[in-house]
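Take a look at the structure below.
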Amino acid sequence: MVQYTLTLKLDNAILTSGATDKLVIAKKVNGVLSTVFAGASPVPANGFKQLQSSNVFQWEDKYKVFGTATFGKGIMVSATTNVVDIDVGQFAEYKGNVFQDAVKQGKEFFDLESSFAIDGVPTAYHIGVKMSVGGSDYVTIFVDPNIHVTIEKMELQPQNEYYLFWKNEVRTEAMYALNSDKGSKFSFKAGETQKTLRFGFATADSPVNPLEVPAWY
């Protein structure tokens with residue numbers, strides 16, 4: 001298990017702007033951005049804490065899987081099945097209307113690198129993945145947006161690909177279809193567990209002129 005730490009720094013002009021947008025973080029799973037797992041806002045709302053000049057977010061590569069019978073933009077995530085722990089390289093079968101405990105499988109079992117898998121889930125359910133944000137707290141990072149015709153093995157690949165978004169109507173534990181082109185991408189290099197990014201002007205707190213647009217640095 002690896003713990004990751006992201007420090008986000010903001011120029012004072014951003015903090016005092018009165019903006020109601022939320023700064024949120026999403027993680028790709030199977031190439032999809034379908035939820036946000038953390039965030040904060042200059043004006044606290046939707047359960048997000050208030051943004052400070054320096055903000056620390058932490059999470060761990062510990063996961064859980066579940067099935068949900070509901071899916072739609074903005075709908076709150078609600079597990080229909082039981083929720084079970086699963087690690088990369090493990091397989092959990094849905095049998096007798098419950099997920100069985102995940103078991104370790106050999107590399108030949110998987111087509112996707114650094115993935116885990118499930119099978120036997122009714123086609124009426126969308127598969128969800130939760131990630132640890134410390135201690136016993138887990139947040140949903142993925143809900144499969146696809147409708148499947150048959151019941152078959154499904155591999156789930158949490159990717160080292162994260163995106164930062166400024167969004168107005170957004171919250172954790174809700175489903176979205178986020179466009180990566182609208183976000184700012186970051187990742188962790190091999191062996192790296194900490195990263196610091198700053199949002200503001202090219203020269204911190206010193207815009208060149210009133211028309212300078214803030215960005216990530």
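- Looking at S41, its side chain does come within 3.5 Å of a backbone N or O of D21 through a donor-acceptor pair.
- One hydrophobic cluster, built from ILVMFWY side chains closer than 4.5 Å, holds both V139 and I86.
- Side-chain contact between V88 and S115 is absent, with no heavy atoms from C-beta onward closer than 4.5 Å.
- Each of D137, D85, D101 was compared with K64 under the salt bridge (charged side-chain N to carboxylate O under 4.0 Å, His left out) criterion, and only D85 meets it.
- Ion pairing between a basic and an acidic side chain is recognised when a charged N comes within 4.0 Å of a carboxylate O; E173 and K130 show such pairing.
- Within 6.0 Å of atom NZ in K185, 12 or fewer heavy atoms from other residues, nucleotides or ligands are found, so the atom counts as exposed in its surroundings.
- Side-chain atoms of H126 come within 3.5 Å of backbone atoms of D144 as a donor-acceptor pair (strictly under, hydrogens ignored).
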Taking it one step at a time, do F142 and T35 satisfy side-chain contact (heavy atoms from CB on, under 4.5 Å)? CA-CA 6 Å; F142 172 78; T35 69; 5.7 Å; no
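- By the 6.0 Å contact criterion, NZ on K9 is open, its count of non-hydrogen atoms from other residues, nucleotides or ligands being 12 or less.
- A salt bridge links R198 with D11: the distance from a Lys NZ or Arg NE/NH1/NH2 to an Asp or Glu carboxylate oxygen falls below 4.0 Å.
- Atom CD of E192 has more than 12 heavy atoms from other residues, nucleotides or ligands within 6.0 Å.
- Distance alone, capped at 3.5 Å, places no donor-acceptor pair between the N46 side chain and the R171 backbone.
- The aromatic rings of F188 and Y162 lie perpendicular to each other, with more than 60° between the two planes, well past the 30° mark.
- Summarising the geometry of T193 relative to Q3, their closest heavy-atom pair is CB-O, 3.5 Å, with the distance given to 0.1 Å.
- With values rounded to the nearest 0.5 angstrom, M175 atom CE is found 8.5 Å from S34 atom OG.
- Put simply, CG on L51 and OG on S17 are 9.5 Å apart, with the number rounded to the nearest 0.5 Å.
- Note: F37 and W59 have perpendicular aromatic rings, judged against thresholds of 30 and 60 degrees for the angle between ring planes.
- You'll find the side chain of V149 stays beyond 4.5 Å of the side chain of T123, heavy atoms only.
- Distance check, rounded to the nearest 0.5 Å: CE of M1 to CG of D61 gives 7.5 Å.
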Does T140 form a side-chain contact (heavy atoms from CB on, under 4.5 Å) with T172? I'd like the steps, not just the answer. CA-CA 8 Å; T140 302; T172 58; over 6 Å; no
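- V77 and V133 are members of different hydrophobic clusters when ILVMFWY side chains are connected at heavy-atom separations under 4.5 Å.
- A 4.5 Å side-chain heavy-atom check between F116 and V129 finds at least one atom pair inside the cut-off.
- Atom CG of N179 has more than 12 heavy atoms from other residues, nucleotides or ligands within 6.0 Å.
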For a side-chain contact (heavy atoms from CB on, under 4.5 Å) check, start with the C-alpha distance between L197 and F186, then their side-chain angles and the critical distance, and finish with the verdict. CA-CA 9 Å; L197 300 171; F186 71 93; 4.2 Å; yes
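- For the pair Q157/E155, no side-chain contact is recorded, criterion being any heavy-atom separation below 4.5 Å from C-beta on.
- For T7, the side-chain hydrogen bond (donor to acceptor under 3.5 Å, both in side chains) test picks out no residue, with sequence neighbours left out.
- Within the 3.5 Å criterion, the main-chain N or O of I25 finds no donor-acceptor partner in the side chain of K27.
- Hydrophobic clustering, with ILVMFWY side chains joined whenever heavy atoms are under 4.5 angstrom apart, groups Y4 together with Y63.
- Pairing each heavy atom of P158 with each of S114, the nearest pair is CD-O, 3.9 Å.
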Derivation of the side-chain contact (heavy atoms from CB on, under 4.5 Å) call for V56 and L6: CA-CA 6 Å; V56 177; L6 175 67; over 6 Å; no
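- Contact record, P42 with Q50: O-NE2, 3.4 Å, taken as the closest heavy-atom pair.
- A side-chain donor-acceptor contact under 3.5 Å links N209 to the backbone of E212.
- Proximity of the aromatic rings of F199 and W166 is defined here by a centroid distance below 6.0 angstrom, and this criterion is met.
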Could you check T5 against Q58 for side chain to side chain donor-acceptor pair (under 3.5 Å), going step by step and ending with a plain yes or no? CA-CA 5 Å; T5 300; Q58 294 183 314; 3.0 Å; yes
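- Other members of the hydrophobic cluster containing L33, listed by chain and number, are V24, V36, F48, Y163, F165, V170, Y176, L178; membership follows side-chain contacts under 4.5 Å among ILVMFWY residues, whether direct or relayed.
- Centroid-to-centroid, the aromatic rings of F91 and F109 come within less than 6.0 Å.
- Atoms CD1 and CG, on I127 and N30 in that order, are 11.0 Å from each other to the nearest 0.5 Å.
- Put simply, V121 and V65 are part of the same group of oily side chains (I, L, V, M, F, W, Y) that touch within less than 4.5 Å, one to the next.
- Y125 and Y94 have perpendicular rings, their planes meeting at more than 60° on a 0 to 90° scale where under 30° would count as parallel.
- Clustering ILVMFWY residues whenever any of their side-chain heavy atoms sit less than 4.5 angstrom apart, transitively, puts V98 in a cluster other than the one holding M154.
- Listed here is the closest heavy atom pair of F57 and A38: CD2-CB, 3.9 Å.
- Separation of atoms OG1 (T81) and CZ (F66) is listed at 7.5 Å; rounding is to 0.5 Å.
- Residues W216 and L8 are in side-chain contact: their nearest non-hydrogen atoms beyond the backbone lie under 4.5 Å apart.
- Judged by distance alone, with hydrogens and angles left aside, the side-chain atoms of N82 form a donor-acceptor pair with the main-chain N or O of F99 at under 3.5 Å.
- In this structure, CD on Q100 lies 13.0 Å from CD1 on I118, to the nearest 0.5 angstrom.
- Scanning both residues, S187 and K195, for their nearest heavy atoms gives O-CE, 2.7 Å.
- No more than 12 heavy atoms of other residues, nucleotides or ligands shown are found within 6.0 angstrom of NZ on K182.
- Clustering of Ile, Leu, Val, Met, Phe, Trp and Tyr side chains at separations under 4.5 Å leaves V43 isolated, with no partner residue.
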